Each structure stands twice: as C-alpha cells, then as structure tokens.
There are 2 protein chains.
Amino acid sequence: MANGPSSSRATIHDVAARAGVSAATVSKVLRGVESVKPDNVERVRQAVADLNYRLDPLAAGLRQERRRIIGAVVPDLESEFFGAFATALEQAAEDAGYNVIIASSRESEEREADLVARMDDWRVAGTVLAPVRSERGAGAETLAGLGMTAVLVDRVSAGGAFDTVTADNFEASAHVAERLWAAGHRHVLLHGATTISKSVRTRVEGFTDRARTFEPAMIVDTLLSDDALDEQRPAIRAYLEKARGARTATAVFSLSQHSTLLVLSEMRRLGIACPQDMALVGFDDAEWMQTTWPSVSAVAQPVRTMARKAVSALLARVEGTPEFTAQHLEPCTFIIRESFGEPARQGAQGDPPARRRRPHT
Amino acid sequence: MANGPSSSRATIHDVAARAGVSAATVSKVLRGVESVKPDNVERVRQAVADLNYRLDPLAAGLRQERRRIIGAVVPDLESEFFGAFATALEQAAEDAGYNVIIASSRESEEREADLVARMDDWRVAGTVLAPVRSERGAGAETLAGLGMTAVLVDRVSAGGAFDTVTADNFEASAHVAERLWAAGHRHVLLHGATTISKSVRTRVEGFTDRARTFEPAMIVDTLLSDDALDEQRPAIRAYLEKARGARTATAVFSLSQHSTLLVLSEMRRLGIACPQDMALVGFDDAEWMQTTWPSVSAVAQPVRTMARKAVSALLARVEGTPEFTAQHLEPCTFIIRESFGEPARQGAQGDPPARRRRPHT
DNA sequence: CAGAAAAAGTAAATCGATTTATTCATGTGA
DNA sequence: TCACATGAATAAATCGATTTACTTTTTCTG
C-alpha cells in the first residue's frame, strides 16, 4: 500500500521510444528548444501524456553547471517576518521556474555557515541569505570563500561585495523620531533585544541621528541587550518604574518585534497607561499589534517587495554578470495606532492619533 | 568575483586518485561501510581533507531508489504554529541524516496536490503533509495515487490509510468545556474562521460532545464561516452586541489563532469587558497572547513533539514497512491567563483565574 | 602448507537527464 | 550537377556518485 502502483516511473528513454525519436529530441521538446519539427513535438507531447511522464529535476540538473534551485537561509521561520519572506521568496522563485530550498539557521552563525556550504553542495544557482548578524557574519564569509552567487537580505548594510536588499531602517527610524518629536516627545527610550543584528544597529543610528537635529536636541536613552528575552525584563521594569511620573522618557521606540512584546507586557504589568504615561512605537509590524491594548503603532517593512527584489537581483546575477553590485533600500510604512500618542506631561503639538497608513518617502 | 576560486570542485575520483584507492572504496568510507582497512580509511580521510572534498547529495541520490530527502508541505509558513512545526521538522530530519524540502501550499488544495507530485519528482524518501483540509483532501489523494510514503499531520483525523500525527483536538476542546463549566459558564459561543479544516471540526465536536454531558446541558452557539477574515467581523460584532447584558453566552471559545485575534479585537472595539462581561479561550497558543489585554487563555499544542513524531513515524515506514498504520494523538496543554474568568452575571463555582500551565490527561 | 572461505578492493554498469559531436537530409547558388 | 550551407535528428559522452559482479588478498582450517 505504501509502494508504487506501477513499479518504476517512465524515463526520458521510455518517452523517446514511444514517440519514435531519440532521447535528445525529447529533451529538446521538454525544454522548449525551437529546432524540432512540429510533427515530432506533437508525438513527444503525446508520449509524455500517455506515459504520465514527469521529469526528474535532480537528474536533469546533474549535467548542468548550475541547477534550477535557489537556496534560502533565514535566521528563523517562526516569526511573521521571515515566514512571510520565505513564502514570498518561494513564490517569486517559482514564477521564474526555480525551486527553492528553505533552511533556518535558528539564529546561529555556525549553523548559518554550515547551511550555506550545504547549499553549495546542492550546486544551487544562487543563494538568498538573511544573515543572523550582518554582511560580515559567518554565512557571508562562507559565501565569499566558496565564490557563490548570492544576495544578502535584511540584517545587512549596503556596500559590501554582494547585492543587498534591505528595508530602509535608517530613514524609517529617523522618521519615527520626527513623528515623536512632532507629537511633543522630548525624551525617548530605545529598546533593542539584540545588538548583533545590523538592522537593529542601523535603527538606533537613524533615530539618534535625526534626534540630534532637533532644537533643542531630543534626549535619547538606549537599553540594548543580548540576554535571553526573559532576562531583559528586570532592566525594562527598572527603567519604566523610574520613569513613572519622573522627568524621563515619554515614549519608547522598540527596535524589534520581540522587544515590542517585552516592553508592552512590562508596561501593562506596571499599570503604565499607554500612550498617556508612555507612548510606544515598534519596528516591524505584526498582525497581533492591531489587537493589543493599546494597539501598537509600528513601522511595517515591505516584506513581499524585498523578497521579489532579492530573487530578481539574484537571477540577474545568475543569468548574466552585472558589472556592479546593486544595493536596494526599500522604504517602510509607518502605521499609526493607539500606542502612538502625545505625552500627557508636556504640551503637545503633533498630529492627533489616527488609524491610517502612510508611506514616508 | 562571483565565480569559483579554484575552478571546479573535487569529485570522488579525485579523492580516490589522491588516496591511491578506487572510487568505490572512497564511497564506502564516506558512507561508513565497515569493510575497509583502517589504513585505507585514514588515507581517504586525509585526501578528503586535503582536497576539501564535499559530496554532491544530488549525484549521490541519483543511483538510489529513495533519496535522503524528506518533503514537507504545510498550509502556510507565516503562522507561528507551522513556522515552529517546520523548524522542528527540519531539526528532527537532520538529526536522522535527511535533508528537508519545505514548501507552503498557501492554503490552496490545488497547489497542495501539485507540491506533493513535485515531491515525488524529487524522489523523496517520504513526505510529511499538513493538509489544507483533511486526510481526504487533494494532497492526500495524490500521495495515495502515486503510492508515496507519507505521514499526515495536524488537520486530519485518525483512521485513514496513512500514519497520522495530531494534537488531541477532541479531548483538549472537551477539557475547555469542562473548565468553562466549572468556572460557572452555562452558555458559550464557538467561533471558527474556517470550516474546511478537519481540526476545527473536531474541536467543535469535542466541545459540544462534552457540553451535552453537563446537567443541565451547556448551551453552545456556533459561528463558523469560511469568509475572508475581515468579512467575518460584522457577524461577530452582531453576536457580541446582542450578547451585551442579555441572557446569552458568557464566554467565547475561539477555534483558531486567527479567530482569537478577530474575536478579541471586536470585543475591544465594542468595549466589552473581558473576562467580566465575556470570557475568552482560544485554541492554539501564540506568543502575543501573553501581552494583549486581557492576556488570552489558550490551548497550546505540542508542536515540537508532533514534528518529532512525524519524522520518526515516517522514517519507520521508509526504513521498514510497519504492518499497520499508526495514529498518534498528542495531548495539549491548557494555559490559564486573564481572559479566562468567571461570568459576572451568574454565580461562580470554579477555579479562580490563575497563571499556570497544566497538562490535562 | 595447500586449499577453502572470508575480507577487501576494483572496474564497469548504472541512475536519468543534458550536451556534444556527428550524421543525414534538404535546399541554394554557381 | 556539384559543392556548400542549413536544419533536424541522433548516438554517445557526460555529470558524480552508488552498486554490482568480479578479482585479488588475507585469514583460517585441517
């Protein structure tokens, strides 16, 4: 019951025999090569249908230098962001006639390097790597060492040896600074749940950079840690407790989804009213953020666009060799929800909270 | 810059030449076959290291009947549940020395069948299918038609032609009914965002089945729909509005994560106090449920266990042929959070709300 | 120590496609 | 009509491993 019904599958030779042509001709028809007489094309088609023939993509790839496979390595598959990214990547690659092999490095650089090498073993045509750390991490190093064709995505900064696709973390964060300033916030806490991620670092830079341009300069506290999530709670709690009613931050900009979850839960635990006592804006939107209380204002990244661009940049390199590396910076969207409000303690002067999306570039 | 450094990779013949043995011997060493003299093993090892040789898994698999690949088809990759499932699956398979190819059917049965056939093209050793619908869906049909080795997971019921691994949806839902009853709820609404999923149907059955055993029988309303998520809001709103203060349900049991999100957001929009006016329990736990207000009580599924069992059941079938199909039912965990409370309108008699996990079997 | 049995090693076939080099018609121009 | 280009088809080589069938070497046994 678990074994094949008609023993073994038909091969290209079976098809050739039935169509009365050679295997080479069948191969041509299968790959849509022009130089086959219409008559023969038709007979091959018929034989394929009769025998229920399906090409073995692995055998097909063996002879070719590069196989029609794209490798994808992402830091995790459990987050909405990379889940959506992987889905979009799969779709884009299939549209181009490629298969995708998705693997999760589980936030381990060592595993990342191993997976990249494994992709090379599979002789993939190209690899999309969303590194754990940055374009200098173990995975990228392996890519370079093996001379692989690749595109780096998400936690990278422009300018390296590879094509890159990233959300415009810098500008989006700067925009958040502006919006908070306009809403009357003069003192903001930046919280990040990791420091190794290049994106998180860029977000800090974008925010502080813009914060410095205000008159008077916005005060920016930062609370960055690489500890396990639960171990970060005390520090957040301590900060928020100190902040209560005192002359400190009136808003938090959380630099990742996990960070947002952490900050929000500690606010609720301490009974801090959001946004009255403390506003909250998160980087990276998630479905649940619409439903929390308060609903969370967040920067949404253009995941699908990024995935599409990654594939097209990769294929451009696979199918030809562009002279220069391309660096794609995709604009984000700022979503205003309840947690984005004016500070109660100081005069307000910004936009009133509202529910809408607006691109900011 | 994008091309290989040392032209082409070493093949098994290069290794053989350098070690002064035949390719067959190298192959034996690589696969850990015993009958090779220690001396030769050592020389092969050395040659492999010297040449930086890595085996091509595709070429290796070509000659074999079944390749060391496991195919996995899941309905989506964007949800926490299947993301975690895919991750755990990958881990378990790799521990057994198999590669995994993950693909998302994007909740389409047509695509599901196509992906299954594609897995067969890849000559996978076995396939783990988490169907869109059930064990009778298009994917399972294709699996059977092609005589593939497979294990069905999640949205299936026991008893079909394939091995299955599922959460014990029936018992877990019955347990929720019991807990709600014990807490004083006499009238509950079941909300599901889809009807085609076998799991959701089983959850309804488990709940209503147990609800009938109470004295007097618990009143169970159901609101099931296959509409797009946003189109379901009006119906929920209408129900909740009617329920307000009136003699209707005092609790909602939402049958999926999406459903929970939907119900919770409509409750908040209408200003319904949870759990005082209306308690909420969801099936399928998510990280964000800790952070909402109120935090959401939920049934947590043992994802990792399910993934591990799926792989071991599959490999048992790949590497031998068990006589009977095995049906695994994994117990769930009921997590009590704020949204699980006693009804305000009637006398209470159950457990006080508390934060803890307890297995229920 | 011869001879048989067991162990170790290898040349060659194989897997299922693609690609190359070659053959075989057919058409064209001088 | 011959030489030559062109178009279509194919036999055979190839990709990089595994597996088979056979040979050689080693180890026992009487």
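Given the structure is predicted, the values throughout are model-derived calculations rather than measurements. Throughout, protein chains are lettered first and strands after them, A, B, ... in sequence-line order, and every chain is numbered starting at 1.
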Atom CD1 in Ile69(B), atom CD1 in Ile101(A): separation rounded to 0.5 Å?
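Separation between the atoms: 7.5 Å.
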
Arg18(A) CZ to Asp14(A) CG distance, which is reported to the nearest 0.5 Å:
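One gets 10.5 Å once the value is rounded to the nearest 0.5 Å.
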
Whether [X] contacts [N] is assessed here as follows: a side-chain N or O lying under 4.0 Å from the phosphate OP1 or OP2. Is that the case?
X	N	result
Arg31(B)	dT19(D)	yes
Thr25(B)	dG9(C)	no
Arg9(A)	dG16(C)	no
Ser27(B)	dT18(D)	yes

Relative to the 5' end of DNA chain D, which residue comes earlier, Lys37(B) or Ala60(B), by the nucleotide with the nearest heavy atom?
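In this pair, the answer is Ala60(B).
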
Mind checking [X] for me? I need base, sugar-phosphate or nothing, with any heavy atom below 4.0 Å counting as a touch.
X	result
Thr11(A)	sugar-phosphate
Ser35(B)	sugar-phosphate
Ala24(B)	base
Leu55(A)	sugar-phosphate

With DNA chain C as reference, determine whether Gln64(B) or Lys28(B) sits nearer its 5' end, using the nearest nucleotide of each.
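The residue mapped nearer the 5' terminus is Lys28(B).
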
Main chain of Ser199(A), side chain of Ser197(A): is a donor-acceptor contact present, judged purely on distance under 3.5 Å?
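Such a contact is found between Ser197(A) side chain and Ser199(A) backbone.
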
Evaluate the ring planes of Phe81(A) and Phe85(A), with Trp represented by its six-membered ring, and classify them as parallel (under 30°), tilted (30 to 60°) or perpendicular (over 60°).
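Phe81(A) and Phe85(A): parallel rings.
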
Measure from the side-chain heavy atoms of Ala59(B) and tell me the nearest of dA17(D), dC15(C), dA9(D).
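That would be dA17(D).
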
